Student: 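There's a structure below that I have some questions on.
Atoms within each ligand, like the ligands themselves, are counted from 1 in listed order. Given the structure is predicted, the values throughout are model-derived calculations rather than measurements.
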Amino acid sequence: MSHYAVFGHPVSHSLSPRIHAEFARQVGVTMDYAAIDTTAENLPQALQAFADAGGKGGNVTLPLKQAAFALCGVNSLRAVRAGAANTLVRNEGQWHGDNTDGVGLVRDLTERHGLDLRGRRTLLLGAGGAARGVAPALLDAGVPELVIANRSSARADALADVLGDPERAHSRYWDDLVNQGNFGMIINATSAARDGNDGLALPTQLSTPRTLAVDLNYGEAAIPFMAWARAAGCRDIVDGLGMLVEQAAASFELWHGVRPDTTALHDALRAEDATLFTAD
Ligand code: ATR
């Protein structure tokens, strides 16, 4: 039996144990997958204890992705570009960090929803761990421009800097969004609605009738932004559930060398939660 786990704080709500158990059943891998609640401060000890107990791999969720990245002995280029790790692999006595959030998002949008991202001038709202995870993959997917806006502008500037593509990726002040024209894709990577408040006050002029609106959150935390997107007339509206399943599949493939099918599980999770919007 090999051991895997998701680390987060809080983590009891995480769907990852269920998703990985289903993937393992599907492809015939024998493993267990736990949820381990730890703060960033205690993450070094938690990871060491898990390794000592034979842990082979981990996922990392909020708010630990940047801390996990800093603790890995080796990081993939994807993790380096994000400055955050969501997937850990135990190899030769050290943790190897990777980040599958970006490929998970792009795969969900392009393969599940059949959307073409090239040509979409993109607005990324937020500059925390979630935004960092997806920004490099958006550039790789060929968006012509990536405008990053964050409540605190210094973090948006830092993300634009780390992306190192000043021709395409730059920061703008949140308060100046109304002057930035419109976008073919608008991504909510903030946690504004996660604690139950109303979320963001965004100008409707950001969208056009062809705009794709994406919330990296799912469930109740996605409701305010998706409601805004409907009111603003966005054509396609997608929440983060598909990305969650796809990033998990990419982690699973790193650990087990086999890619699980995600469709049935995604559809089952979607059907269970009546509060989720379905993608248009
Ligand atoms: P995550 O890993 O989910 O990105 P995070 O690193 O704590 O979590 O980042 C949260 C993001 O949501 C940040 O971009 C944060 O903006 P600040 O950097 O200014 O804190 C953003 N955010 C949180 N609450 C917000 C709100 N009420 N309005 C706008 N942005 C908000």
Student: How far is atom 9 (O) of ligand 1 from the closest protein heavy atom, and which atom is that?
Tutor: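 Protein heavy atom at minimum distance: Gly128 CA, 3.5 Å.
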Student: Does the ring center of Phe252 lie less than 6.0 Å from the ring center of Trp255?
Tutor: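 No, the ring of Phe252 stays outside the 6.0 Å limit from the ring of Trp255, centre to centre.
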Student: Does Pro63 come within less than 4.0 Å of ligand 1, judged by its heavy atoms?
Tutor: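 No, Pro63 has no heavy atoms under 4.0 Å from ligand 1.
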Student: Could you identify the single nearest non-hydrogen protein atom to atom 12 (O) of ligand 1 and state the distance to 0.1 Å?
Tutor: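 Protein heavy atom with the smallest distance to atom 12 (O) of ligand 1: Ser191 N, 3.0 Å.
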Student: Show the atoms of ligand 1 that are less than 4.0 angstrom away from any heavy atom in Ser152.
Tutor: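 In order of numbering, the contacting atoms are 17 (P), 18 (O), 19 (O).
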Student: Select one of side chain, backbone, both or neither to describe which atoms of Arg132 lie under 4.0 Å from any atom of ligand 1, heavy atoms only.
Tutor: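 Neither; no heavy atom under 4.0 Å.
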Student: Under a plain distance cut-off of 3.5 Å, with no hydrogens placed, do Tyr33 and Asn59 share a side-chain donor-acceptor pair?
Tutor: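 There is such a pair between these side chains.
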Student: Taking only heavy atoms of Gly126, which atoms of ligand 1 are found under 4.0 Å from at least one of them?
Tutor: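 So the answer, numbered in order with elements, is 14 (O).
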Student: Does Gln26 reach the main-chain N or O of Asp261 with its side chain, forming a donor-acceptor pair under 3.5 Å?
Tutor: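 Yes; judged by distance alone, with no hydrogens or angles, the pair exists.
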Student: Looking at Arg270 and Asp267, is any side-chain nitrogen of the basic one under 4.0 Å from a carboxylate oxygen of the acidic one?
Tutor: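 A salt bridge is absent here (no side-chain N lies under 4.0 Å from a carboxylate O).
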Student: Which pair of heavy atoms, one from Gln205 and one from Asn182, lies closest together, and at what distance?
Tutor: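 Reported closest heavy-atom pair: O-CB, 3.6 Å.
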Student: Output the list of atoms in ligand 1 that are nearer than 4.0 Å to some heavy atom of Gly129, sorted by atom number.
Tutor: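 Matching atoms, with element in brackets: 1 (P), 2 (O), 4 (O), 6 (O).
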Student: Go through ligand 1 atom by atom and flag the ones less than 4.0 Å from a non-hydrogen atom of Arg155.
Tutor: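 Numbered from 1, ligand 1 contributes 6 (O), 9 (O), 13 (C), 17 (P), 18 (O), 20 (O).
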Student: Which ligand 1 atoms does Ala130 reach within 4.0 Å, using its non-hydrogen atoms?
Tutor: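 Listed by number with element: 1 (P), 2 (O), 3 (O), 4 (O).
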Student: Looking at Asp101 and Lys65, is any side-chain nitrogen of the basic one under 4.0 Å from a carboxylate oxygen of the acidic one?
Tutor: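 Yes, charged N to carboxylate O under 4.0 Å.
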Student: Would you mind checking which non-hydrogen protein atom is closest to atom 29 (C) of ligand 1, with the distance to 0.1 Å?
Tutor: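 The closest heavy atom on the protein side is Leu200 CD2, 3.6 Å.
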Student: Of all the atoms in ligand 1, which lie at a distance below 4.0 Å from a heavy atom belonging to Leu62?
Tutor: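 In order of numbering, the contacting atoms are 1 (P), 2 (O), 3 (O).
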Student: Is it true that Asp140 and Arg81 have a side-chain N and a carboxylate O under 4.0 angstrom from each other?
Tutor: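 Between Arg81 and Asp140 there is a salt bridge, with a charged N closer than 4.0 Å to a carboxylate O.
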Student: I need the contact type for Arg151 against ligand 1. Using non-hydrogen atoms and a strict under-4.0 Å cut-off, is it side chain, backbone, both or neither?
Tutor: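 For Arg151, backbone and side-chain atoms both sit under 4.0 Å from ligand 1.
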Student: For atom 3 (O) of ligand 1, decide whether some protein heavy-atom distance is shorter than 4.0 Å.
Tutor: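 Neighbour list for atom 3 (O) of ligand 1 includes protein heavy atoms (cut-off 4.0 Å).
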Student: May I ask you to decide if Ala154's main-chain N or O and Ser152's side chain share a donor-acceptor pair within less than 3.5 Å?
Tutor: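 Side chain of Ser152 to backbone of Ala154, a donor-acceptor pair under 3.5 Å: no, none is there.
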Student: Charged N to carboxylate O below 4.0 Å: is that the case for Glu246 and Arg112?
Tutor: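 Result for this pair is yes, salt bridge flagged.
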Student: Can you pull out the closest protein heavy atom to atom 14 (O) of ligand 1? Residue, atom name and distance to 0.1 Å, please.
Tutor: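 Nearest protein contact, heavy atoms only, for atom 14 (O) of ligand 1 is Asn150 OD1, 2.6 Å.
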Student: To the nearest 0.1 Å, how far is atom 21 (C) of ligand 1 from its closest protein heavy atom, and which atom is that?
Tutor: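 Answer, as residue, atom name and distance: Thr190 CB, 3.7 Å.
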Student: At a 4.0 Å threshold, what atoms of ligand 1 neighbour a non-hydrogen atom of Ala127?
Tutor: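 By the 4.0 Å cutoff, the relevant atoms are 14 (O).
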Student: Using a 4.0 Å cutoff against the non-hydrogen atoms of Arg194, which atoms of ligand 1 qualify?
Tutor: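 Near Arg194, the atoms of ligand 1 are 3 (O).
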Student: Of the side chain and backbone of Leu125, name the one, both, or neither that has a heavy atom under 4.0 Å from an atom of ligand 1.
Tutor: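 It is neither; nothing of Leu125 touches ligand 1.
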Student: Return yes when atom CD of Glu41 has more than 12 non-hydrogen atoms of other residues, nucleotides or ligands closer than 6.0 Å, and no otherwise.
Tutor: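 Counting neighbours around CD of Glu41, 12 or fewer heavy atoms of other residues, nucleotides or ligands fall under 6.0 Å, so no.
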Student: Which heavy atom of Ser171 sits nearest to which heavy atom of Asp157, and what is that distance?
Tutor: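 Closest pair (atom of Ser171, atom of Asp157, distance): OG-OD1, 2.6 Å.
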